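The next block holds one structure in the form of structure tokens; read it before the comments.
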Amino acid sequence: MSEVLNVEEIFGQNVFTLGKMKERLPKSVYKEVKTVMDKGGELSLAAADVAAKAMKDWAVENGATHYTHWFQPLTGITAEKHDSFVSHPDESGKMIMEFSGKELIKGEPDASSFPSGGLRATFEARGYTAWDITSPAFLKEDATGVILCIPTAFCSYKGEALDKKTPLLRSMEAVSEQAVRIVRLFGNTEATKVVASVGPEQEYFLVDREKYLKRPDLIFAGRTLFGAPAPKGQEMEDHYFGTIRERIGAYMKDLNIELWKLGVTAKTQHNEVAPAQHELAPIYETANIAVDHNQLVMETMKKVAGRHGLTCLLHEKPFAGVNGSGKHNNWSLTTDNGVNLLDPGDTPNENIQFLLVLACIIKAVDVHADLLRQSASDVGNDHRLGANEAPPAIISMFLGEQLEDVVKQLVETGEASRCLEGGKLMTGVSTLPDLAKDATDRNRTSPFAFTGNKFEFRMVGSSDSIASPNTTLNAIVAEAFCEAADILEKADDFDVAVHDLIKKYLTDHQRIIFNGNGYSDEWVAEAERRGLPNIKSMIEAVDTLTTDKAVKLFERFGIFTEAELESRAEVLYETYAKSINIEALTMIDMASKQYIPAVVKYTKSLADTVIAVKEAGADASAQADLLKDVSEKLTAMKAALVKLEEAEAKASAITDAKEQAFFYKDVVKAAMDELRAPVDAAEMLVDKKVWPVPTYGDLIFEV
Ligand code: ADP
Ligand code: MG
């Protein structure tokens, strides 16, 4: 038997939890911290000093030597700069580890090298990190030692957000404030805030590290840029939920332990659809902490993989021809007195508060479908959304039979008098129990699906931060709540007014509801008839951030200023151009230095063989045919390589960020496809022994 793992003991071991604060802080300071955490406001410097000392003592007891303000710049990943607790030694040369309240609350990294989209010129390099007291500090433990990480927001000298956390926190406050107005209308006087909860399901691939290191495309671009399909793909459906192989299982076990120590509630693990693809889902938590934890999940996945001779690929589409990876973002709203606003109860048709909330969300998603689409876009996700893979780029909502029926009744007659029931599922086997059945089946193809007591936004990319999707969701729902509350708070007869408003919203916005197959061509045509946006790529979605509608929404709730939105748009164009540039350069590199030389050598050996066989008086036609085929591919490779080099040079010379991004999308990407085709075709002809890199078969079937 292996050693018994005490999960209860290790859970949260590396987190400065509320419990630890309570133990270590004087009562008055603890109370102050807790008040700021729950209600906002600012911590006094005296309290911050005490909190900092307690935090440092705990960290040092656990081996920490450094602390860092841990933040989330617009690169989409996290950033850290370590400072040790070392202070100036006294006369005798003795040094005492120190950490002050000031250092806890505020940091000042040189911000000039982070993307700011023009918000900050390099000579105005000042940026500040500010302690986010709502997300607990934690210890990162690895070869660097033990580092105390303090989650922080990152802003410019003028207070503009330079990160993903600041707008998220702003959006959480906005949706809370407006949602409280809604529950007040229904007589809830106790709730003081409404919390957005998020549970992200994270998909990922694992490949063997040795093989990974032989693929420059995986190293530089995170995805394969070349590669003929293996003889087998995912068609046997034998990987999804399949038995987890020992090597992968050992990885998952280690990963869980690391995550539990960090207070991440790693809950579900399974094999996913594509070979070498897996998933991990934690239990949902407050949006802000869920975003931080998802960053830690991604980072820990990569780190732990290294220890097992594996590499974790978080790219949305590491391999052509098999499924890519996404992140289902489960989202709901709950009052601080425990009411989930998205819980329909047993009879949703009678639950007026739920129906109003639902109607508001339907309206929000319809009005801002473009923004939601944008929030889930990144460079890698272009290979999924709107390409030949799920989910589609068109936003629609799936409500399920039960709710759809209620909506239909309301739209048609203004009343919903009946409600479909779940009933029992008969197993037909006397020894098996009959199961209580949900009133609604699942729909796997919908990008935005109601799943019981939450919405599941399925468009998000696997490598992306979930901050933007949740900021957008909170913002658009805050707006819908606000508009509804403005009307209903003034109503003379609330019952009539709420009834009319629900009917109006559902009638006006029912076009966004779609319960059918989201992958079908018919849906694309139908969506167009309904006037729903179908934004096919990341950069085509960027403009949605700066429309009058978007600026009005975000400014009204103090989530983004117009300047912040414009800067983000700029960063997105730049990121896109840079990413495709790296992919193009990697392809040029691999084709020039690996594929073409390998094929040249192979044609030489074939030519030698043809001559030798002929000289020996035998039939060399098979060899000669093969030589002809391979040489043709080689000629095509060389021609396509030249074209790609030309396109890349032109692209690099463009100075306008938007124009450049579109040139990469329309011209460079096409040239990349043209180079890939003959290389992949040659791979099918050339002796595997001389092929310079591991193949798809090696990478995804031999992990
Ligand atoms: P499935 O794959 O069937 O969709 P999983 O159990 O893998 O379901 O993941 C569901 C995710 O949704 C989990 O992270 C779970 O904690 C989260 N979740 C459950 N209820 C809520 C809720 N009310 N609000 C937000 N997230 C939720
Ligand atoms: Mg799911």
Side-chain angles (χ1 to χ4, degrees), residues 11 168 171-172 175-176 179 183 191 193-204 237 239-242 244 252 255-256 259-260 262-274 277-298 301 323 325-345 348 351 353-354 357-358 361 390-391 397-400 403 435 437-460 462 466-467 469-474 477 518:
F11 188 83
L168 175 72
S171 77
M172 288 172 69
V175 77
S176 174
V183 300
K193 66 175 178 183
V194 171
V195 177
S197 301
V198 171
E201 303 162 47
Q202 176 73 48
E203 292 181 336
Y204 62 100
E237 291 164 353
H239 196 255
Y240 189 56
F241 286 12
I244 296 166
M252 288 179 169
L255 175 63
N256 287 330
L259 291 174
W260 289 332
L262 288 165
V264 179
T265 48
K267 173 89 176 163
T268 308
Q269 61 195 23
H270 61 82
N271 285 350
E272 255 301 329
V273 170
Q277 191 187 30
H278 314 279
E279 179 179 303
L280 179 146
I283 298 174
Y284 66 97
E285 52 198 338
T286 310
N288 179 34
I289 300 179
V291 170
D292 287 358
H293 279 174
N294 183 249
Q295 290 287 354
L296 285 178
V297 166
M298 292 194 283
M301 280 180 164
N323 268 22
S325 298
K327 189 138 55 185
H328 292 177
N329 186 87
N330 294 274
W331 174 92
S332 67
L333 292 170
T334 312
T335 65
D336 58 351
N337 65 341
V339 183
N340 178 353
L341 302 188
L342 290 174
D343 187 353
N351 187 343
Q353 178 180 302
F354 169 76
V357 168
L358 181 72
I361 297 176
M397 295 173 84
F398 171 78
L399 298 182
L403 287 187
L435 306 171
K437 186 163 90 169
D438 291 316
T440 291
D441 199 2
R442 286 173 174 252
N443 175 321
R444 286 273 164 211
T445 66
S446 176
F448 202 89
F450 184 74
T451 45
N453 60 2
K454 59 182 158 81
F455 274 101
E456 188 171 340
F457 185 27
R458 301 194 177 122
M459 272 186 169
V460 186
S462 50
I466 53 170
N470 289 301
T471 304
T472 307
L473 261 171
N474 294 339
V477 172

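What you are looking at is a predicted structure, and each value in this text was computed from that prediction instead of being measured. Every number for a ligand or one of its atoms is a count from 1 in the order of the listing.
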Legend entry - Side-chain donor/acceptor of Thr286 to backbone N/O of Ile289, under 3.5 Å: no
Legend entry - Glu201 near ligand 1 by a heavy-atom separation under 4.0 Å: yes
Legend entry - Glu456 heavy atom under 4.0 Å from ligand 1: yes
Inset, instruction - Could you list the atoms of ligand 1 found under 4.0 angstrom from a heavy atom of Ile283? - result: 16 (O)
Legend entry - Approximate separation, where rounding is to 0.5 Å, of Asn288 CG and Ser171 OG: 9.5 Å
Legend entry - Polar contact flag for Ser332 and ligand 1 (N/O pairs, less than 3.5 Å): yes
Inset, instruction - Check for a donor-acceptor pair, side chain of Arg458 on one end and backbone N or O of Lys327 on the other, with a separation under 3.5 Å. - result: no
Inset, instruction - On the 0 to 90° scale, with breaks at 30° and 60°, tag the His270-Tyr240 ring pair as parallel, tilted or perpendicular. - result: perpendicular
Legend entry - Nearest-0.5 Å distance that lies between atom OG in Ser176 and atom CG in Asp336: 7.5 Å
Legend entry - Identified ring-ring contact (aromatic ring centres under 6.0 Å, His included) counterpart of Phe457 within the set Phe448, Phe450, Phe398: Phe448
Inset, instruction - Would you tell me which option among Pro282, Ala287, Ala281 has the nearest heavy-atom contact to atom 14 (O) of ligand 1? - result: Pro282
Inset, instruction - Could I get the full list of side chain to side chain donor-acceptor pair (under 3.5 Å) partners for Asn470, not counting sequence neighbours? - result: Asn329
Inset, instruction - Give the single entry among Tyr284, Trp331, Phe455 that approaches atom 19 (C) of ligand 1 most closely by any heavy atom. - result: Tyr284
Inset, instruction - Report, in ascending order of atom number, the atoms of ligand 1 lying under 4.0 Å from any heavy atom of Asn340. - result: 23 (N)
Legend entry - Contacting atoms of ligand 1, where contact means under 4.0 angstrom from a heavy atom of Gly199: 14 (O), 26 (N)
Inset, instruction - Check ligand 1 against Ser197 and write out every atom of the ligand that is under 4.0 Å from a heavy-atom position of the residue. - result: 25 (C)
